[in-house]
Amino acid sequence: MSLPPFAYHVARSFEEAFELRRQYGDEARWFSGGTALMLLMRADLLHPAALIGVCALPDMRGIRVERDCVRIGAATPHAEVAASPEIRRLLPVVAETFNHIATRRVRNVGTAGGNLAHANPHQDPPTTLTAFNARVVARGANGERRIPLDGLFTGYFETSLQREEILTAIEIPLPAPRTRAAFIKFLPRSHDDYATVNVAVCLTGNAKKVEGIRIAVGSMGATVLRSAEAESLLVGRAPDEARLKDAARAAIQGADPELDSRGSPAYKMQVAPVIVRRAIEKALAA
Amino acid sequence: MARLIRTEKEVEGRFEEVWIVVEEDPLEQWPEGPRDVVGRPATRKSGPERVRGEARFTADIKLPGMLQAAVLRSPHAHARVKKIDLAPALALPGVRAAIGPGDASGLEEEVGYSGAAVAAVAADTFRQAQAAINAIDVEWEELEIVLDPDEAVRREQFTAPPRHSERGDVEKALAGADLVVDETFESMLQWQSAIEPHGAMADWHPSGKITVWSCLSGPYRAQLQIAKALAMDPSMIRIIQTYVGGGFGGKSMDDNNAVITALLAQAARRPVRVANSREDDFIAGRPRPNIRIRVRAGFRKDGTMIAKDLRAVTNNGAYSGKAPAVGGVAALRHDTLYVNDIVRTELFVPYTNQVPTGAFRGFGNPSSEWAVEQTIDIAAEKLGLDPREVALKNAIGPGRVSPHGNRVGSCELKACIEKATELLGWKEKRANRKPWRGIGLAMSAHVSGKRHFYDYDGSSVVLSVLHDGRVTLLCGEGEVGQGNTTILAQIASEELGIPFERISVSEADTDTAPFCLGAFASRLAYVAGNAVRIAAVEAKKQIFESAEEFMKLPATELEIVDGIVRRKGAESPSMTVAQVVSKRNFRRMGKPIVVTGTWDANSESHHKDRYGSESGAFSFCAHAVEVEIDPETGQVKVVDYAIATDSGTIINPVLAQGQVDGGLIQGIGYALTEGILMEDGQLQNPNFSDYKIPCIKDIPPMQSVFVPSYEQTGPFGAKGVGEISMDPVAAAIGNAVADAIGARIHTLPITPEKVLNAIAGRNGHA
């Protein structure tokens with residue numbers, strides 16, 4: 001399938017971007033790396049009249065350590081996140097996650113913000129960033145707001161971003177001292193695949209007592225899963241075998257995996273708790 | 001020396017027995033031993049341009065005024081076109097031609113699968129062609145869909161009558177066996193996954209002649225097919241095989257891309273190009289058929305197989321191309337591996353409303369090895385024997401004639417088993433078992449060419465020695481990327497004594513190269529290699545005839561070394577080949593050296609009882625593998641892999657190793673990750689994110705050796721190597737998985753989900 005014709009604008013200022021968006025209304029799409037958008041357009045699923053490039057907007061690219069968080073400009077390519085010395089030092093599991101995305105070519109072009117705005121439930125960064133309690137910065141004509149990742153994803157390829165809002169940055173809070181984290185992308189078929197299930201865990205405490213924990217599970221439904229029950233089963237207690245098992249089971253409550261070439265829903269429901277348990281164990285050992 | 005052989009010919013379904021005289025191979029074989037060019041890693045002929053991106057593939061060919069085509073495909077698995085109107089398409093801007101049902105074979109009123117071509121349009125741009133396709137109005141009448149091959153067998157929807165052959169009294173032998181294993185296995189639809197999708201460019205000439213450039217294998221077969229579809233004389237269709245970005249059997253002209261392109265060019269009187277998208281390529285391809293195979297095999301206590309009864313149902317899909325032949329190979333070839341002579345085979349090839357199936361590297365072998373080699377492994381397990389010992393017990397040796405008449409010359413199968421297991425550390429691994437680890441062994445036999453088309457299993461080349469001392473080979477076999485051009489040049493170089501760099505091989509062009517069948521059945525090094533040797537021997541004779549005259553020395557005292565004709569073992573007197581040929585040509589009645597080399601293998605077409613040696617020589621291999629299972633997720637990890645291959649003399653070790661590596665990787669995909677998924681007759685995964693071929697990180701450490709043998713009928717002792725390493729991979733991995741989990745997977749691919757269910761089933765909570 002060849003690409004349908006479309007207009008392409010590179011916005012240099014937010015005013016220009018919002019003005020273009022007003023002109024085109026629903027007929028336009030924000031355009032960042034384009035790795036997902038181009039596939040949808042080639043597959044005849046999207047036919048935007050115009051693409052408005054956001055990468056040239058001010059302060060959209062680059063990684064900065066701020067007072068209480070690490071800020072990733074939305075147009076920063078995955079490869080840059082994976083290679084960033086700050087991220088590797090402060091958030092090694094985030095670097096590891098971004099280093100696992102798709103292929104080298106996609107990592108060089110696809111962007112961190114575009115990935116989240118696309119809201120594909122089979123992606124890896126949403127899972128890890130949810131575990132790290134990250135938030136995104138959304139800028140609209142009337143100003144900026146911050147949306148925690150827990151509240152960003154609303155359905156398959158759906159977010160709580162307003163049509164005219166641009167996702168400008170991702171802010172990952174600096175983890176508390178002695179935070180342990182882990183990410184597991186379960187790829188039973190091929191290294192070059194979407195995850196059958198992916199799990200990220202961020203915890204404080206140790207093998208004797210878990211102080212706090214965030215468990216995020218991806219690819220198991222329309223959005224990243226978090227379970228308050230699973231987390232409360234572990235907080236303040238020793239993560240022994242039985243408790244880990246219970247928590248792992250609780251962590252996939254509400255899961256609704258699809259049947260696809262990676263397996264049946266029943267299979268995914270069977271292996272997801274295993275991967276959750278392993279991710280917690282991996283974090284404890286980190 | 002002439003030989004009289006009996007053969008049977010099929011004429012419209014009737015079999016006629018004929019005796020024919022066959023001239024024996026007139027060539028003397030070279031003695032075994034190291035050679036100057038053969039057996040060494042000569043640089044691939046087209047290597048530099050491939051690496052530099054200068055190789056011209058079909059999609060790189062652009063002609064002035066060329067049109068782009070789009071194809072309308074059936075959305076229904078079985079339906080009839082009640083009404084079709086091409087007029088709205090023809091009325092659109094840029095549209096130059098449209099063709100529909102009845103215009104060519106392959107564009108039909110009754111379509112048998114979802115994706116079948118119904119109509120096609122050529123326009124100035126691809127988007128215009130697509131828009132025109134969307135404007136074609138079709139009224140469909142949906143028809144009943146049959147997808148289950150067993151149901152199709154019950155309805156007797158056969159491509160050909162079921163084939164049955166029995167050698168010896170199978171039931172009696174099974175009754176006397178110490179153990180009978182009765183198991184049913186199912187293989188899967190595997191897609192060739194060539195990096196380059198199908199495409200073709202056709203140009204129309206005012207004389208009516210049509211030239212087609214395409215990434216196909218077998219240009220002369222394509223010529224016949226297109227000529228038939230267009231009702232033209234074959235020589236009025238010129239086929240030029242371009243560089244091919246991988247074929248693996250999928251570009252052997254069972255599809256109708258090139259036909260549609262030629263037809264549109266004729267209709268538009270303009271050059272037309274068809275270039276498949278990846279999705280088109282999946283939907284309109286010809287994957288390896290899924291075959292259900294039931295094996296009943298009888299064994300003695302010591303593991304010797306003494307009888308085998310096999311029933312194979314090959315899902316042909318909607319239209320018939322090579323699937324019946326694939327099924328035939330799956331039914332019989334593996335009997336070339338075993339000493340057992342008592343076999344019965346039943347083969348059914350029913351039509352279904354699934355994508356039509358065809359040739360893929362390995363042909364029927366991977367499916368039958370998956371079934372038969374697992375059956376033998378089950379017997380070893382039940383008898384408490386080491387599968388390695390059982391394999392050695394059942395393996396054939398040189399000189400063996402299979403129960404179906406396959407005449408084996410050289411054969412180092414037993415050495416292959418010993419070598420592969422030694423490389424894997426089989427004995428140590430079997431002695432020191434680790435939890436959730438398993439080892440498996442499987443073996444295979446493959447042909448070197450196959451008598452499959454027009455009672456012909458040969459090749460011809462035209463070899464010219466030019467006045468500058470260079471040599472050109474006009475060859476119509478074509479290169480699909482496997483390296484045969486390099487191999488043929490090495491053979492010519494060795495035989496002539498002219499440096500490899502000075503030998504060039506033409507592209508496969510039906511206007512210039514002699515008739516050839518093309519690449520299939522691992523045939524080119526062996527069959528075309530012999531034709532090249534014959535041509536080279538004759539050319540060398542002619543060089544010596546002239547040298548005799550010019551150098552005043554008898555031909556028997558001459559040799560050619562490095563392109564220089566000289567007295568044997570002496571530096572002088574000498575003349576370069578260029579000097580000899582120039583002097584010979586540039587004089588009154590000068591006569592260039594242009595010779596034809598023709599060779600046809602000593603093989604037979606299977607007659608109605610399916611008896612005869614399908615090939616002139618057979619290659620063998622054994623694969624040993626270790627896997628590790630994740631018992632909580634069912635994930636299978638191949639941790640170690642060892643391959644030993646007997647392909648006779650290895651003409652080019654780098655290229656041969658490339659074939660072995662590639663076959664293994666495709667085999668791992670076949671075993672673990674690939675497979676076309678069909679639902680209600682619709683292909684569910686026509687893209688590489690859902691149809692998963694292994695990536696390089698999935699490939700285990702691999703040790704591979706060639707076990708030397710010398711095939712007396714092959715050029716410098718060579719046999720085929722292109723396909724064999726694909727054949728036993730799924731069986732070897734299947735055996736290793738069973739060894740690791742204590743349960744057997746019966747259907748491909750071996751997914752983690754199946755493994756987990758098998759583990760649960762073994763523990764009694766399936």
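Below, read A as the first sequence line, B as the second, and so on, with proteins coming before strands; counting in each chain starts at 1.
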Subject >> Enclosure of A/Arg88 CZ (heavy-atom neighbours >12, cutoff 6.0 Å) >> reply: no
**OP:** Count the heavy atoms belonging to other residues, nucleotides or ligands that lie under 6.0 Å from CD1 of B/Ile195, then report whether that count exceeds 12.
**Re:** no
Original post:
Relative to chain A, which segment of B/Thr633 carries a heavy atom at a distance below 4.5 Å: side chain, backbone, both, or neither?
Top reply: both
Original post:
Most heavy-atom pairs under 4.5 angstrom with chain A, which of B/Glu632, B/Gln684, B/Glu279?
Top reply: B/Glu632
Subject >> For chain B, the option from A/Lys268, A/Gln270, A/Arg278 that forms the most heavy-atom pairs under 4.5 Å >> reply: A/Arg278
**OP:** Considering only heavy atoms and a distance below 4.5 Å, find which of B/Lys697, B/Glu753, B/Lys754, B/Lys637 pairs most often with chain A.
**Re:** B/Glu753
**OP:** Side chain from CB out, backbone as N, CA, C, O: work out which of these in B/Asp280 comes under 4.5 Å of a heavy atom of chain A, or both, or neither.
**Re:** neither
Original post:
Any chance CZ of A/Phe31 has more than 12 other-residue heavy atoms, nucleotides or ligands included, within less than 6.0 Å?
Top reply: yes
**OP:** Check whether more than 12 heavy atoms from other residues, nucleotides or ligands sit under 6.0 Å from atom CZ of A/Arg29, and answer yes or no.
**Re:** no
Subject >> Interchain contact, A/Thr196 with chain B, by part (heavy-atom threshold 4.5 Å) >> reply: neither
Original post:
Under a 4.5 Å cut-off applied to non-hydrogen side-chain atoms, are B/Lys692 and A/Ser261 in contact?
Top reply: no
Subject >> B/Leu672, part contacting chain A, at a heavy-atom distance under 4.5 Å >> reply: neither
Subject >> Backbone N/O of A/Leu3 and side chain of B/Arg127: donor-acceptor pair under 3.5 Å >> reply: yes
Original post:
Rounded to the nearest 0.5 Å, what separation is found between the NE2 atom of A/His191 and the CD1 atom of B/Ile699?
Top reply: 10.5 Å
**OP:** Report the distance from atom CG of A/Asp44 to atom CG of B/Asn134, rounding to the nearest 0.5 Å.
**Re:** 8.0 Å
Subject >> Region of A/Asp192 that comes under 4.5 Å of a non-hydrogen atom in chain B >> reply: both
**OP:** Select one option (side chain, backbone, both, neither) describing which atoms of B/Ile696 are under 4.5 Å from chain A's heavy atoms.
**Re:** neither
Original post:
Side-chain contact, heavy-atom cut-off 4.5 Å: B/Pro752 with A/Arg262?
Top reply: no
Original post:
So which of B/Ser689, B/Pro694, B/Pro749 has the largest heavy-atom pair count under 4.5 angstrom toward chain A?
Top reply: B/Ser689
Original post:
What part of A/Leu187 lies closer than 4.5 angstrom to a heavy atom of chain B: side chain, backbone, both or neither?
Top reply: backbone
Original post:
Do you know which of A/Gly263, A/Ala266, A/Ser264 has the most heavy-atom pairs with chain B at a distance under 4.5 angstrom?
Top reply: A/Ser264
